[in-house]
Amino acid sequence: MINFAVKLFFGMEYDFKSIEQKWQGNWRKSNTYKVEELDTMPKFYVLDMFPYPSGAGLHVGHPLGYIASDIYARYMKHKGYNVLHPMGYDSFGLPAEQYAIQTGQHPAITTENNINRYREQLDKIGFSYDWDREVRTSEPNYYKWTQWIFKQLFDSFYCDTDNRAKPIEELVHAFSESGNKGVKAACDEDTPQFTAEQWHAFSEYEKEDILQKYRLTFLSETWVNWCEGLGTVLANDEVKDGRSERGNFPVEQKLMKQWSMRITAYAERLLRGLDTLDWSDSIKEIQRNWIGKSKGASVTFKIEESDQSINVFTTRSDTIFGVTFMVLAPEHELVNKITRPEQKEEIEKYCQSAALKSERDRQADVKTVSGAFTGAYAIHPFTNERIPIWIGDYVLASYGSGAVMAVPCGDQRDWSFASQFGIEIKNIFNDTDISEGANEDKSAIIDHSDFLSGMTSKEATQKVIEALEEKGIGEGKINYRLRDAIFSRQRYWGEPFPIYYEDGIAKATPSNNCIELPPVDKYLPTEQGEPPLARANKDDWNIFHGERMEYNTMPGWAGSSWYFLRYMDPHNEEAFVSKEKADYWGQVDLYIGGAEHAVGHLLYSRFWTKFLCDRGFIGFDEPFKKMINQGMILGRSNFVYRINDTNSFVSFDKRKEYKCSRLHVDINLVNNDVLDIEAFKNWREEFKDAEFILNENEEYLCDFEVEKMSKSKYNVQTPDDLVEKFGADTLRMYEMFLGPLEQFKPWDTKGINGVHNFLRKFWRLVHDDENNFDIEQCEPNNEELKALHKCIKKVTEDIERHSFNTVVSTLMIAVNELNDLKSKNKTIISQLVVLISPYAPHFAEELWQRLENMDSVTLAQWPQFDEKHLQEDAFTYPVSFNGKMRFTMDLSADLSKDDIEKAVLSFEKTIQYLEGKSPKRVIIVPKKIVNIVV
RNA sequence: GCGGAUGUGGUGGAACUGGUAGACACGCUAGACUUAGGAUCUAGUGCCGCGAGGCGUGGGGGUUCGACUCCCUUCAUCCGCACCA
């Protein structure tokens with residue numbers, strides 16, 4: 001009997017479990033989310049940053065962005081757009097390789113398992129992805145095209161005249177016609193000049209060497225953090241105090257041949273393109289800083305008694321008469337050549353100590369000024385004075401030319417250096433004190449500077465550049481901080497390069513067939529320190545040319561730099577994407593993802609898109625028109641207090657009475673900060689006999705804190721648990737209800753009941769006590785129409801401006817209002833169901849079907865807002881005195897200003913608040929406010 | 001040091017172009033129904049005050065009839081970048 005009652009009761013409830021199962025099945029069966037290119041509809045492309053399928057699975061933070069984009073995609077579909085909304089996996093990556101090293105399991109298997117788990121989790125949330133378009137960057141049919149794009153880059157150079165990439169044959173043609181003198185193209189700094197005759201005389205090896213200086217992807221010698229112990233190159237942040245963070249092995253600076261991408265060729269376009277993008281200002285600013293454009297001049301200083309000269313870049317050429325010394329980076333190639341014998345020992349010692357420090361360590365210490373004198377002198381180009389040449393590690397080899405002209409009166413670092421080593425500090429500013437520090441203010445008038453004296457900084461800068469150009473010893477120059485991107489990794493689990501070596505020359509593989517990852521016996525470097533791929537024998541490669549294949553693999557960002565294009569045409573065997581499909585779908589209209597990719601992924605994708613556009617493969621040169629960066633969801637940890645040296649725990653509110661320490665406790669053992677004591681005892685063996693000091697309510701209260709979600713803090717919430725307890729629709733709505741998408745916010749399950757109750761309330765609105773669907777088919781009345789149209793208006797506006805959280809409140813208000821009106825009108829409910837469908841698609845489908853519709857709700861048209869239902873005869877005016885609201889007054893909506901004033905001033909409450917004084921001024925904004933100034 | 005973001009009840013947050021601060025929800029209080037409830041319903045809930053009333057959007061100042069919103073300044077927290085010549 002009790003069983004029956006319970007069953008009856010639960011049967012009456014909104015049964016999310018069977019509803020969600022039913023509709024997920026229906027969608028699969030009828031291919032509801034399949035997308036095709038249709039000329040009859042306008043297109044819209046909504047994209048999520050695809051995930052790396054990690055072994056830990058999804059936590060509630062991951063789907064946040066996916067839910068938002070899914071809502072927007074579903075909304076746009078209701079609005080009549082043909083919406084592309086795909087999903088895939090960025091499936092090459094270190095964790096799978098790490099796992100392979102430990103267990104010997106091939107990373108492809110680990111990856112496959114993880115992907116299956118992700119897919120299972122994603123499917124439960126009810127996304128509208130067209131899974132036929134799924135891509136995986138680690139699948140040969142995908143990375144075949146990553147390799148293909150690499151080859152296009154290899155076969156291209158950047159023409160500075162036309163400002164775009166062109167086939168390398170054009171360059172070869174130009175070289176054989178007239179050498180490289182007239183060629184304006186992006187190339188290495190050390191590219192020599194040659195004539196057509198010289199070009200023809202070059203050996204094949206020499207020709208290739210020259211071409212590598214122009215190719216958009218090329219081999220170059222690069223300083224890297226080499227870790228012998230791990231047999232690999234480490235990123236800066238993997239190195240701590242000269243040792244590897246992982247394993248604590250020594251790390252040395254080593255010159256290695258690496259593939260690089262000539263992204264610097266695109267610096268200016270990457271910078272200017274930002275202006276056309278609808279991205280957050282902060283991300284654009286980060287990219288601008290990363291590109292780091294600065295305008296200045298390059299100046300050549302002759303070296304005394306030498307045929308060498310030093311080239312410097314300066315942004316303050318106006319201060320050139322204040323130069324009293326030069327500083328070279330310790331790694332500068334001139335250091336050895338110009339150092340005087342008597343200084344040799346000191347310089348070598350200094351260089352050695354500088355080399356021991358990593359770039360990051362060197363940069364971290366801003367306080368200490370260090371340097372050494374080379375004994376050599378440069379000659380000032382205008383005054384012919386002798387200028388001592390120093391080296392110092394505050395000058396970075398990798399920025400500008402690795403040398404500076406030091407102006408101690410105008411640059412604080414130069415000032416500190418000069419003060420430390422007793423170098424002259426010349427004052428070239430009018431009326432400016434520099435005894436305590438440099439004057440970096442550009443407004444000072446230049447003085448003691450020959451032909452520049454009396455000028456402002458701006459005038460002088462211009463004048464100097466003219467003078468330098470006249471003398472042929474300098475020119476105006478634009479410098480970028482952006483460096484070419486290193487593109488090779490000494491790893492296994494990445495894309496192999498479509499490159500082989502013949503006679504020591506790197507050549508692109510001739511066919512477009514995929515170079516597949518060969519099997520290897522171990523996922524470790526060889527004993528000779530070569531990358532794991534060097535373990536593969538000739539026969540292990542599906543394609544093999546020349547002496548050997550390239551052993552490096554591509555970095556993580558290779559596959560993610562173009563994946564948005566593959567979704568458009570995922571099964572194309574002939575091309576990475578057909579021109580027609582790329583033209584049809586075009587740019588991503590809305591891209592949602594985390595801000596942590598601000599420079600990496602987002603800059604490289606922009607670079608590749610521009611390149612592919614230059615070479616005519618696609619028709620647009622920016623990948624992501626609009627982007628929203630979702631904030632991270634933080635965990636809410638719970639704590640218990642253990643009294644020191646005991647097994648007794650004291651409730652949070654009484655902890656101060658004891659000496660105790662705080663321990664993380666699994667959030668699954670805590671409900672609304674109250675500990676489930678029995679569950680806690682069973683949690684771990686050591687707590688089995690724990691004792692508890694409770695508070696006045698006979699409860700054990702836990703402390704809480706908001707921090708990042710992590711296993712070790714026992715604060716991870718998985719979407720699976722919540723879907724199980726409340727259903728996907730509740731989870732979707734709650735993730736949105738939490739707050740603005742972009743903001744960082746704590747995850748707190750407390751509120752999820754509220755959203756769940758809302759769906760149940762909605763369900764009960766259209767069902768009777770026996771859970772029979774129950775609505776009325778009649779003309780809706782004015783109040784019902786008003787509630788509905790208020791909702792249509794706000795939901796539409798809020799989704800359009802991506803204010804996903806406020807939409808949930810609006811839907812709640814509508815249901816509350818209809819509840820108060822006891823309204824279950826079919827017309828009203830039908831439209832409300834469409835409004836809620838982007839948020840709660842299973843729920844909406846079920847009601848839509850019960851409303852006797854044959855088609856899926858996803859095909860329903862978005863409700864049309866009609867102003868006339870909101871028109872009111874009266875308006876409730878807030879009446880303020882000196883800006884403070886005192887009371888409200890209902891007045892007819894069509895009253896004129898004068899009539900309103902009359903009505904308000906004769907109202908008894910007004911007279912009361914005026915206290916006999918007469919109003920100075922009455923401000924009336926019709927249908928807004930009345931403000932009386934006394 | 002430079003750059004960015006954030007700061008509103010006990011909590012998450014709302015207030016879009018300056019116009020009733022605290023919508024919506026959580027939590028809490030009281031009550032109703034019930035064998036039971038992580039159910040439902042009703043009422044209340046920014047702070048101070050018995051009250052009239054006063055005070056309130058991190059602090060200070062300004063513009064305005066009117067400021068969470070605009071300007072200046074300052075503090076706090078978080079996140080990037082960092083000797084960039």
Side-chain angles (χ1 to χ4, degrees), chain A residues 2 5-6 9-10 12-13 280-286 288-290 292 294 296 312-316 327 360 362-367 369 392-396 398-407 410-414 416-417 479-481 595-596 598-599 631-632 634 636 671-673 704 725-726 734 737-740 742-758 760-761 764 794 797-798 801 803 805-806 808-813 816 876-888 919-925 927-934:
Chain A
I2 289 174
V6 167
F9 175 79
F10 281 116
M12 278 194 275
E13 288 292 311
S280 78
D281 289 337
S282 63
I283 295 269
K284 287 205 238 181
E285 199 54 32
I286 290 170
R288 280 190 197 104
N289 290 340
W290 191 261
S294 53
V312 300
F313 173 75
T314 175
T315 52
R316 293 296 305 271
V327 187
R360 183 158 291 199
R362 238 168 83 176
Q363 291 170 7
D365 188 9
V366 187
K367 299 263 153 35
V369 177
D393 67 5
Y394 80 98
V395 176
L396 304 178
S398 54
Y399 182 77
S401 61
V404 299
M405 58 172 226
V407 183
D411 183 290
Q412 188 52 45
R413 289 157 306 165
D414 297 345
S416 308
F417 195 89
N479 199 50
Y480 298 92
R481 197 181 79 111
E596 65 271 20
V599 280
M632 199 191 300
L634 303 167
R636 189 179 187 279
N671 192 12
N672 287 348
D673 289 337
F704 74 92
K725 266 192 196 165
F726 299 100
Y734 186 55
F737 190 59
L738 226 43
E742 293 96 326
Q743 240 165 62
F744 278 60
K745 49 205 167 259
W747 178 260
D748 189 346
T749 30
K750 266 190 203 161
I752 200 165
N753 282 314
V755 173
H756 189 61
N757 288 344
F758 157 68
R760 297 176 47 190
K761 208 184 222 174
R764 281 201 311 275
K794 186 145 172 64
E797 283 172 1
D798 286 0
R801 65 184 175 107
S803 173
N805 54 328
T806 50
V808 183
S809 315
T810 306
L811 291 166
M812 286 174 170
I813 291 169
N816 286 347
T876 306
Y877 278 92
V879 181
S880 307
F881 290 77
N882 295 330
K884 281 256 174 234
M885 209 282 284
R886 295 304 178 183
F887 56 85
T888 59
K920 252 192 223 161
R921 211 177 138 184
V922 180
I923 285 115
I924 291 158
V925 184
K927 291 198 186 173
K928 276 267 159 69
I929 52 111
V930 175
N931 189 18
I932 299 168
V933 188
V934 186

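Chain A is the first sequence line, chain B the second, and so forth, proteins listed ahead of strands; every chain is numbered from 1. What you see below is based on every heavy atom in this structure, not just the backbone, and it leaves out hydrogens, waters and symmetry mates.
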Nucleotide N/O to protein N/O under 3.5 Å, stretch nucleotides 51-58 of chain B:
from  : atom 1 : to     : atom 2 : distance (Å)
B:G54 : OP2    : A:R886 : NH1    : 3.3

- [ ] Taking A:N757 for its side chain and A:N753 for its backbone only, find out whether a donor-acceptor pair lies under 3.5 Å.
- [x]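 Looks like yes, one N/O pair under 3.5 Å.
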Quick one: list whatever passes side chain to side chain contact (heavy atoms under 4.5 Å, CB included) with [X], sequence neighbours left out.
X      : result
A:R886 : A:F881, A:K884, A:Y913
A:R316 : A:T314, A:D318, A:T319, A:F429, A:K442, A:S457
A:N931 : A:S880, A:I923, A:I929

Task: Ionic contact status for A:K794 with A:E797, cut-off 4.0 Å - done: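 No, this pair does not count.
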TODO: Using the C1' atom as the reference point in each nucleotide, state the distance between B:C2 and B:G13 in Å, no decimals.
DONE: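 One C1' to the other, the span is 32 Å.
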Open item on the list: I want to check one thing: is the phosphate of B:A25, taken as OP1 and OP2, less than 4.0 Å away from some side-chain N or O of A:N816?
Closed with: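 Yes, because at least one side-chain N or O of A:N816 sits under 4.0 Å from OP1 or OP2 of B:A25.
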- [ ] Give a yes/no on whether any side-chain N or O of A:R764 is located under 4.0 angstrom from OP1 or OP2 of B:C41.
- [x]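 Affirmative; the distance criterion is met.
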In whole angstroms, how far is the [atom2] atom of [N] from the [atom1] atom of [X]?
X      : N     : atom1 : atom2 : result
A:Q412 : B:C84 : CD    : P     : 11 Å
A:M632 : B:A5  : CE    : P     : 18 Å
A:K761 : B:C24 : NZ    : P     : 10 Å

N/O to N/O distances under 3.5 Å, protein versus nucleotides 61-66 of chain B:
from  : atom 1 : to     : atom 2 : distance (Å)
B:C65 : OP1    : A:R921 : NH1    : 3.3
B:C65 : O2'    : A:N931 : ND2    : 3.2
B:C65 : O2     : A:N931 : ND2    : 2.7

TODO: Begin with the C-alpha distance, continue with both residues' side-chain angles, and end with the deciding distance and a verdict on side-chain contact (heavy atoms from CB on, under 4.5 Å) for A:V404 and A:Y399.
DONE: CA-CA 10 Å; A:V404 299; A:Y399 182 77; over 6 Å; no
Please produce a list of atom pairs where a protein N or O lies less than 3.5 Å from an N or O of nucleotides 13-17 of chain B.
from  : atom 1 : to     : atom 2 : distance (Å)
B:G13 : O3'    : A:N805 : ND2    : 3.4
B:A14 : OP1    : A:N805 : ND2    : 2.8
B:A15 : OP1    : A:R801 : NH2    : 3.3

Task: Passing candidate, side-chain contact (heavy atoms from CB on, under 4.5 Å) with A:V599, options A:N289, A:I286, A:I283 - done: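 It is A:I286, the one option of A:N289, A:I286, A:I283 that forms the side-chain contact (heavy atoms from CB on, under 4.5 Å) with A:V599.
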